[in-house]
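The block underneath contains the structure these notes are about, expressed in structure tokens.
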Amino acid sequence: MSENIQSEFSQDLRDRAHYLRYSVIEGLETHLLALETKLVDHKLNVRWAQDEESLCNNIVELLPHQQYNRVCFDLPYIPEAFKQVSDNVVNLVSVDSLANHDNEADVLVVNADFAVAENGSLVFINKASKDCFNLVSSLIVVVNIDQLIVSSSDLSLFLKMKSNNGEEFPKDVKIITQTFEKLIVDTFQSSQELGYSTENVEISVILYENNVSGILEDFSLRQSLYCINCGRCLEVCPVAKLSSHLSPIEVVKQNCFDKFNRTQSIFQQTTLCGNCAQVCPVGVPITDMLIYEMNLVNGNVSYNKSKKLYSIFSKRGKLNKFNGPFFRYFFVKKFFGKNKMLQNYFLNQKDSFYNVTRNTPDKEDDQFEL
């Protein structure tokens with residue numbers, strides 16, 4: 001492994017985080033029921049959504065008006081199904097315009113980074129809408145069901161894991177544990193009045209399944225659900241940097257399903273450099289899962305060596321032995337000549353040719369250990 005690609009966390013912290021994520025995913029149903037109970041106790045409206053269409057339908061049903069709802073989204077992306085909603089039902093308001101008080105919104109839809117099953121807390125980290133929660137009458141919180149934390153005592157560890165740029169913790173963390181009020185400034189004020197009034201912000205929580213059950217069915221791939229969406233694998237992935245492609249963990253999750261991309265194209269989605277697995281703060285074995293999915297593509301779901309994968313590892317071993325510019329050029333030309341994107345990447349490398357996390361299999365080795 002290149003010395004330039006190393007995890008910023010000690011192995012003890014990574015092992016603890018890995019175990020905690022294991023505990024959540026293996027006991028997911030129990031923890032979800034506990035979370036739902038706590039949310040209801042806090043008088044929050046709880047709904048469930050299985051897929052993107054169901055998520056969209058739930059959001060529409062929660063809108064306060066039949067027409068002309070001003071809705072602001074602070075989600076990783078606006079669901080495609082929501083874009084089909086009639087314009088006379090929803091008017092989209094940008095987060096910036098809401099935060100700058102250039103526009104008003106009736107509803108804010110925001111994604112929670114974590115939910116704590118023990119006490120029903122909803123955790124938001126560095127959200128663009130961080131100052132807008134009390135500017136709307138209705139707050140809809142989307143919680144991905146795999147992003148649970150069992151105990152509040154574990155929250156500080158995962159906040160540390162989510163931090164970036166060497167920070168001990170993220171700059172802005174908001175935690176909702178109960179309903180709160182919206183401040184309404186009076187248009188006309190007098191010395192005998194406060195000049196403002198308040199009303200409760202209606203909070204609804206949508207527990208979003210989003211293909212989690214499908215991934216859980218495959219024992220070899222369920223560790224992909226340990227991901228906490230910190231983005232570190234994306235930062236160190238050479239393929240993603242060159243092609244604006246999916247992050248390594250997204251490639252794994254996408255290829256869990258035949259209907260998406262379980263084809264030979266996965267061999268163009270990774271160099272198997274191992275950088276992603278090295279920097280993952282919760283120890284997700286991303287490289288091993290990519291290898292497993294390559295075996296599935298080749299019709300070999302056992303751990304027996306496949307010719308395609310053996311060929312890839314053989315190339316890696318050869319390329320590491322020939323690190324001079326002359327040999328580098330001809331080996332890259334031979335093995336990656338048809339893929340100009342990766343060819344240019346390899347030729348421009350200044351450090352060790354490959355960041356290899358796994359040894360090249362011996363000729364006598366009959367298995368890949370996953």
Side-chain angles (χ1 to χ4, degrees), residues 28-29 31-86 89-95 98-99 103-125 127-149 173-184 198-212:
L28 189 57
E29 183 176 356
H31 300 315
L32 281 171
L33 292 175
L35 174 64
E36 182 182 28
T37 299
K38 289 297 182 182
L39 293 173
V40 172
D41 288 345
H42 295 162
K43 306 199 183 311
L44 305 187
N45 178 21
V46 181
R47 289 172 171 244
W48 295 77
Q50 182 175 4
D51 51 28
E52 191 173 286
E53 182 178 359
S54 175
L55 175 64
C56 174
N57 291 337
N58 273 284
I59 293 174
V60 171
E61 290 173 7
L62 289 169
L63 297 179
H65 314 299
Q66 290 187 344
Q67 292 182 319
Y68 306 117
N69 294 274
R70 296 167 297 180
V71 183
C72 178
F73 281 96
D74 189 3
L75 299 177
Y77 66 93
I78 298 178
E80 286 294 328
F82 202 85
K83 296 176 182 179
Q84 307 302 319
V85 176
S86 175
V89 175
V90 173
N91 291 325
L92 295 181
V93 176
S94 71
V95 175
L98 179 61
N103 210 335
E104 295 182 351
D106 304 302
V107 181
L108 171 62
V109 184
V110 61
N111 182 250
D113 291 274
F114 297 114
V116 183
E118 178 184 61
N119 57 16
S121 297
L122 304 172
V123 183
F124 307 86
I125 302 174
K127 293 297 180 185
S129 60
K130 59 185 179 181
D131 298 322
C132 304
F133 286 19
N134 63 345
L135 298 180
V136 295
S137 300
S138 179
L139 182 67
I140 300 176
V141 181
V142 179
V143 176
N144 292 315
I145 65 171
D146 57 322
Q147 297 302 302
L148 299 191
I149 295 175
V173 178
K174 290 190 179 296
I175 300 177
I176 293 178
T177 56
Q178 59 187 6
T179 57
F180 53 88
E181 294 182 332
K182 172 187 176 182
L183 187 67
I184 305 174
T198 60
E199 66 177 28
N200 284 333
V201 175
E202 183 177 346
I203 304 176
S204 300
V205 179
I206 301 177
L207 300 176
Y208 188 28
E209 198 265 357
N210 195 23
N211 293 321
V212 166

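Computed from a prediction, not measured in an experiment: that's the story for all the values here. Below, each value reflects all heavy atoms present in this structure, side chains not excepted, and no hydrogens, waters or symmetry copies.
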- Item | Within-4.5 Å side-chain heavy-atom neighbours: L62 and V107 |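 SC-SC contact between L62 and V107 ruled out.
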
- Does some side-chain heavy atom of T179 sit less than 4.5 Å from a side-chain heavy atom of V201?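 In short, these two side chains do not touch, never coming nearer than 4.5 Å.
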
Quick one: side chain to side chain contact (heavy atoms under 4.5 Å, CB included) partners of [X], sequence neighbours excluded?
X: S54; value: A49, D51, N58
X: S137; value: K182, E199
X: N200; value: E181
X: K130; value: D172, K174

- Item | Residues Y208, N111; criterion side chain to side chain contact (heavy atoms under 4.5 Å, CB included); working and verdict | CA-CA 10 Å; Y208 188 28; N111 182 250; over 6 Å; no

Shortest non-hydrogen separation from [X] to [Y] and the atoms involved:
X: L39; Y: G120; value: CD2-O, 3.4 Å
X: A105; Y: L98; value: N-CD1, 3.9 Å
X: E209; Y: Q50; value: OE1-O, 3.1 Å
X: I125; Y: D113; value: N-OD2, 2.7 Å
X: I203; Y: Q178; value: CD1-O, 4.0 Å

Does [X] [atom1] have over 12 foreign heavy atoms under 6.0 Å away?
X: E61; atom1: CD; answer: yes
X: E104; atom1: CD; answer: no
X: E202; atom1: CD; answer: no
X: K127; atom1: NZ; answer: yes

Give every donor-acceptor pair under 3.5 Å between a side-chain atom in residues 138-146 and any protein atom, sequence neighbours left out.
none

- Task: May I have the step-by-step check of ring pair (Phe, Tyr, Trp, His ring centres under 6.0 Å) for F133 and F180, ending in yes or no?
- Result: CA-CA 9 Å; F133 286 19; F180 53 88; 7.0 Å; no

Side-chain donor or acceptor of [X] paired with backbone N/O of [Y] under 3.5 Å:
X: N103; Y: V93; answer: no
X: N91; Y: R70; answer: no
X: N119; Y: S121; answer: yes
X: D74; Y: S129; answer: yes

- Item | ring pair (Phe, Tyr, Trp, His ring centres under 6.0 Å) contacts touching residues 46-77 (sequence neighbours left out) |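 Found F73-F82.
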
